[in-house]
Amino acid sequence: MKPLSRFKCYSIILPAISVHLSPPSISLQHPRLYYVGATELRTNPRVSSSNLLDIVNAFTAYCYQRDLPNAMKALDSMQKHRLWADSITYAELIKCCIAHGAVKQGKRVHQHVFSNGYEPKTFLINTLLNMYVKFNLLDEAQILFDQMVERNVVSWTTMIAACSNAELNSKALEMLIMMLRDGVRPNMYTYSSVLRACEGFSILKQLHCCIIKVGLELDVFVRSALIDIYSKWGELQAALNIFDEMVTSDLVVWNSIIGGFAQNSDGDEALNLFIRMKRSGFWADQSTLTSVLRACTSLALLELGRQVHVHVMKFDQDLVLNNALLDMYCKCGSLKDANDIFTRMIVKDVISWSTMIIGFAQNGYSLKALNLFNTMKASGIKPNYITILGVLFACSHAGLVEDAQYYFKSMKVLYSIDPGREHYGCMIDLLGRAGKLEEAMKLIHDMKCEPDAVTWRTLLGACRVHRNMDLAEYAAKKVLSLDPHDAGTYILLSNIYANTQRWADVEKLRKSMRDGGMKKEPGCSWIEVNKQVHAFILGDKSHPQVNAIYQELNQIIWRLKEEGYVPDTNFVLQDLEGEQMETSLAFHSEKLAIVYGLMSLPKGKTIRIRKNLRICGDCHVFSKLLAKLENRSIVIRDPIRYHHFEDGACSCGDYW
DNA sequence: TTAGGGTTAG
């Protein structure tokens, strides 16, 4: 994790609220009521040609008026008299079918324009192709496409875009090759569609080269697609380069780059880009605000998140945005706000419910999470893969072994969800914490999917808690065989050795780490005070108030010792002894951040800390006692869960 | 005259 630059100021992000109440301008198209165009009239001895013209005109009028029922009746009359209207009229009718989701009527139009030897133009077949794609009837689209005598760039692009959207990535790329072989040149529409289908970095590079060669990199759609796919591949610098080269830009491109950083856990850069966007004169829309909320969520910036909330209100009841807001409050440890949002949401989907369930579970309210899961089921929402993960997580962090086993066994039967590695991981974690290491091992052997490094690392963590050296070494070897450069495993194993004073083994492991170029990630804690973010790293002394903070921390430790605090040296990771040991513990980053919070925040305000590593047992005891001594709420978010310290106790129930 | 870009839960 990249440590956030210290004292980052986010206070200038949002301007005063401005709600635009005027509706967007709508260009009204005058219905072309009596347009006949290239209508093909055929003689019919029983009907005069003026009557035939009336039939076509009536059909045309209904199509342009978007009057689907009457247009379909008129279509029957056209069919009966072997009449055809202009292609554009049919295109209007097909658009109307798409808008109404009228599959049956759309197929009827398809049948009509191919009836009695009539040969529709490529343009019209393309419109039908698009209709099938929009109806998600890809097989029908493919059959029609295969029947086409002439396929132009739009025909190919429609099919390629359909494959990309359906994540039929190989097929999308194969169709691009077929298109080129057919002598049809891809255009900006084609490239902006096919980029999403890149499954490998080398393919992406090749496509990017083609785009530059034919001069299409300037197209704003192609650029945003490039930014998006580079971001998805984690190539954020490449995405930023493409973004910065743009002369004109629009809001969607800003959203692409901001979303790219937000989704790659670089909330800091996402917020910087958002500030740039505001300075460039753009107004944030739902997509922008969703990404900004995600950035706040990843950085645990509650106060900034609250500012964004005010702006979210003008997009009231936007489901995606509300879900993001809900998650922000959950991840910032403010469950009351999250619950208020959740209660007020009129429309909730499986993501809303899952977010709240996971939010309760991660914040230590396992029973509330499980109750909510029951309410969700009762309201008719079907749980998915992630919901069940949240439920198992809730069981895991409350030590509810039997409940978890029930949910784990029933997920396939009740909801047709196959347990994935993550579900197994939750179960292994749960069994491991409960000391059932043999059962955890058995579950690994019974897994329907291959255990990966994370699976074995989970078991390794349990071995550390229960001091099972033999199994720990076995699990560690498994981890390192799957992920030989995993510094975390070396550290976990080294912690196990350190706890039993096997300092020679500790040194051996550390040498392996040094030789392999692996470094332990330094512990870092962040706190938001007065719209500024302050970062503290273990032993770091660069903060301007460093002397006062250390002095205050020492005084607090003395006061806590008088109340019975005994530093827990089990968590010292170095070969130190006596007083030195305590000193190493005393300056863990979260302690520095908490003390700074005490010194700077108004009396009574909750101290909220985010940290990059799991909290250690000593800091956990320290925080509980301090919360009581100072009569303050302290919330610490680590990479897995949250600890709410109040009146000498923690919401995790000392089980984490 | 048909085809293309950005947002939410682990």
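Any value given below was found using the heavy atoms of this structure, including those in side chains, with hydrogens, waters and symmetry copies removed. Only a predicted model underlies this, so the values are computations on that prediction, with no experimental measurement involved. Residue numbers begin at 1 in each chain, while the letters A, B, ... track the order of the sequences.
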Asks: I want to verify a distance call: between B:dG4, B:dT2, B:dA3, whose nearest atom is closest to the A:Met188 side chain?
Replies: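 The listed nucleotide nearest to A:Met188's side chain is B:dG4.
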
Asks: Name the stems that DNA chain B belongs to, where each is three or more consecutive Watson-Crick or G-U pairs with both distances under 3.5 Å?
Replies: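 Consecutive-pair runs (3 or more) involving DNA chain B: none.
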
Asks: Aromatic contact between A:Tyr189 and A:Phe221, with the criterion being ring centroids under 6.0 Å apart: yes or no?
Replies: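 So the answer is no for these two rings.
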
Asks: Just jot down the salt bridge (Lys or Arg N to Asp or Glu O under 4.0 Å) partners of A:Asp349, sequence neighbours excluded, or say none.
Replies: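 Partners of A:Asp349 by the salt bridge (Lys or Arg N to Asp or Glu O under 4.0 Å) criterion come out as none, since no residue qualifies.
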
Asks: Quick one: salt bridge (Lys or Arg N to Asp or Glu O under 4.0 Å) partners of A:Asp146, sequence neighbours excluded?
Replies: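 None.
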
Asks: Rounded to whole Å, how long is the line connecting atom NZ of A:Lys134 with atom P of B:dT2?
Replies: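 Nearest whole value for this atom pair: 11 Å.
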
Asks: Once you apply a heavy-atom cut-off of 4.0 Å, does A:Asp318 come out as touching a base, just sugar-phosphate, or nothing?
Replies: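 Counting heavy atoms under 4.0 Å across all strands, no contact is made by A:Asp318.
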
Asks: Could you tell me whether A:Arg223 and A:Asp250 have a side-chain N and a carboxylate O separated by less than 4.0 Å?
Replies: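 Salt bridge between A:Arg223 and A:Asp250, a charged N being under 4.0 Å from a carboxylate O: no.
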
Asks: Could you tell me the separation between the CG atom of A:Leu216 and the P atom of B:dG5, rounded to a whole number of Å?
Replies: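 In whole Å, B:dG5 P lies 16 Å from A:Leu216 CG.
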
Asks: A:Val133 near the nucleic acid: base, sugar-phosphate alone, or nothing, with a heavy-atom cut-off under 4.0 Å?
Replies: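 A:Val133: no heavy atom of the nucleic acid under 4.0 Å.
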
Asks: Among B:dA3, B:dT1, B:dG4, which nucleotide sits nearest the side chain of A:Ile88?
Replies: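 The answer is B:dT1.
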
Asks: Mind checking if A:Val220 touches a base, just sugar-phosphate, or nothing, with heavy atoms under 4.0 Å?
Replies: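 Base contact.
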
Asks: Specify the separation, in whole Å, of atom CE of A:Met131 and atom P of B:dT2.
Replies: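 Checked: the CE to P distance equals 16 Å.
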
Asks: Which of the following nucleotides, B:dG10, B:dT8, B:dA3, is nearest to the side chain of A:Asn130?
Replies: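 The answer is B:dA3.
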
Asks: Between B:dT8 atom C1' and A:Ile357 atom CD1, what is the distance in whole Å?
Replies: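 So the CD1-C1' distance, A:Ile357 to B:dT8, works out to 15 Å.
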
Asks: Which residues within residues 331-351 of chain A lie with some heavy atom under 4.0 Å of an atom in DNA chain B?
Replies: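 Heavy-atom cutoff 4.0 Å gives A:Lys331, A:Ile351.
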
Asks: Please tell me which of the listed nucleotides, B:dT8, B:dT7, B:dG4, lies nearest to the side chain of A:Phe221?
Replies: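 Out of B:dT8, B:dT7, B:dG4, the nucleotide with an atom closest to A:Phe221's side chain is B:dG4.
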
Asks: Going by heavy atoms closer than 4.0 Å, what residues in residues 360-387 of chain A are next to DNA chain B?
Replies: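 The answer is A:Asn384, A:Tyr385, A:Ile386.
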
Asks: Please table the atom pairs, donor to acceptor, closer than 3.5 Å between any side-chain atom in residues 359-370 of chain A and protein atoms at least two apart or in another chain.
Replies:
unit_1   : atom_1 : unit_2   : atom_2 : d
A:Asn363 : OD1    : A:His644 : NE2    : 2.7
A:Asn363 : ND2    : A:Cys330 : O      : 3.2
A:Asn363 : ND2    : A:Gly359 : O      : 2.8
A:Ser366 : OG     : A:Ala394 : O      : 2.8

Asks: Out of B:dA3, B:dG4, B:dT7, which has the shortest distance to the side chain of A:Ser287?
Replies: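 Given the options B:dA3, B:dG4, B:dT7, the side chain of A:Ser287 is closest to B:dT7.
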
Asks: Going by ring-ring contact (aromatic ring centres under 6.0 Å, His included), name the residues that satisfy it together with A:Tyr424, two or more places apart in sequence or in a different chain.
Replies: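 A:Tyr424 satisfies ring-ring contact (aromatic ring centres under 6.0 Å, His included) with A:Phe408 once adjacent residues are dropped.
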
Asks: Aromatic rings A:Phe59 and A:Tyr90: how do their planes relate, parallel, tilted or perpendicular, breaks at 30° and 60°?
Replies: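 Tilted, since the angle between the ring planes falls between 30° and 60°.
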
Asks: What residues, two or more places apart in sequence or in another chain, satisfy side chain to side chain donor-acceptor pair (under 3.5 Å) together with A:Ser231?
Replies: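 For A:Ser231 there are no side chain to side chain donor-acceptor pair (under 3.5 Å) partners, ignoring immediate neighbours.
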
Asks: Can you name the residues that form a salt bridge (Lys or Arg N to Asp or Glu O under 4.0 Å) with A:Lys107, not counting sequence neighbours?
Replies: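 Here the qualifying residues are A:Glu140.
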
Asks: Rounded to whole angstrom units, what separation is found between the CZ atom of A:Phe274 and the P atom of B:dT7?
Replies: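 It works out to 16 Å between those atoms.
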
Asks: Do the side chain of A:Ser193 and the base of B:dG4 come within less than 3.5 angstrom through a donor-acceptor pair of N or O atoms?
Replies: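 Not at all, since no donor on one side and acceptor on the other fall under 3.5 Å apart.
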
Asks: Students often get this wrong, so: under 4.0 angstrom with heavy atoms, is A:Asn322 touching a base, only sugar-phosphate, or nothing?
Replies: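 A:Asn322: no heavy atom of the nucleic acid under 4.0 Å.
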
Asks: Once you round it to whole Å, what is the distance between P of B:dG4 and CD of A:Glu217?
Replies: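 Rounding to the nearest Å, CD of A:Glu217 and P of B:dG4 are 22 Å apart.
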
Asks: At 4.0 Å (heavy atoms only), tell me whether A:Thr355 reaches a base, stays on the sugar-phosphate, or touches nothing.
Replies: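 Sugar-phosphate, backbone atoms only, no base.
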
Asks: Can you run down the ring pair (Phe, Tyr, Trp, His ring centres under 6.0 Å) pairs that involve residues 324-352 of chain A, sequence neighbours left out, and say none if there aren't any?
Replies: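 Of all non-adjacent pairs touching residues 324-352 of chain A, those that pass ring pair (Phe, Tyr, Trp, His ring centres under 6.0 Å) are A:His309-A:Tyr329, A:Phe342-A:Trp353.
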
Asks: When all nucleic acid strands are considered with a 4.0 Å heavy-atom cut-off, which category describes A:Arg223: base, sugar-phosphate, or nothing?
Replies: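 Nothing: the residue A:Arg223, judged by heavy atoms under 4.0 Å, touches no strand.
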
Asks: Applying a 4.0 Å non-hydrogen cut-off, can you work out what A:Ile358 is touching in the nucleic acid: base, sugar-phosphate, or nothing?
Replies: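 Sugar-phosphate contact only - A:Ile358 comes under 4.0 Å of backbone atoms but never of a base.
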
Asks: Under a 4.5 Å cut-off applied to non-hydrogen side-chain atoms, are A:Val184 and A:Asn152 in contact?
Replies: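 Answer no - side chains too far apart.
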
Asks: May I ask you to verify whether the side chain of A:Asp250 and the base of B:dG5 hold a donor-acceptor pair under 3.5 Å?
Replies: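 Yes, the side chain and the base share a sub-3.5 Å donor-acceptor pair.
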
Asks: Return the value, rounded to whole Å, for the distance between atom OH of A:Tyr191 and atom C1' of B:dG4.
Replies: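 Taking atom C1' of B:dG4 as the reference, OH of A:Tyr191 is at 14 Å.
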
Asks: With a non-hydrogen cut-off below 4.0 angstrom, is A:Ser354 in contact with a base, only sugar-phosphate, or nothing?
Replies: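 A:Ser354: base contact, heavy atoms under 4.0 Å.
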
Asks: Using a cut-off of strictly less than 4.0 Å, decide whether A:Arg294 has a side-chain nitrogen or oxygen near OP1 or OP2 of B:dT8.
Replies: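 A:Arg294 to B:dT8 OP1/OP2: side-chain N or O found under 4.0 Å.
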
Asks: Provide, to the nearest angstrom, the distance between the CG atom belonging to A:Leu124 and the P atom belonging to B:dA3.
Replies: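 It is 13 Å, rounded to the nearest whole Å.
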
Asks: For the side chain of A:Asn187, counting heavy atoms from C-beta on, which of B:dA3, B:dT8, B:dG4 is nearest?
Replies: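 In terms of side-chain proximity for A:Asn187, the closest of B:dA3, B:dT8, B:dG4 is B:dA3.
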
Asks: Considering only residues two or more places apart or on different chains, which pairs with a residue in residues 140-180 of chain A satisfy ring pair (Phe, Tyr, Trp, His ring centres under 6.0 Å)?
Replies: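 Non-adjacent pairs meeting ring pair (Phe, Tyr, Trp, His ring centres under 6.0 Å): A:Phe145-A:Trp156.
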
Asks: Report the residues that fulfil salt bridge (Lys or Arg N to Asp or Glu O under 4.0 Å) with A:Asp285, sequence neighbours left out, ordered by chain and then residue number.
Replies: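 With sequence neighbours excluded, A:Asp285 shows a salt bridge (Lys or Arg N to Asp or Glu O under 4.0 Å) to no residue whatsoever.
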
Asks: Is the number of heavy atoms from other residues, nucleotides or ligands within 6.0 Å of CE (A:Met313) greater than 12?
Replies: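 No, CE of A:Met313 has 12 or fewer neighbouring heavy atoms, counting only those of other groups under 6.0 Å.
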
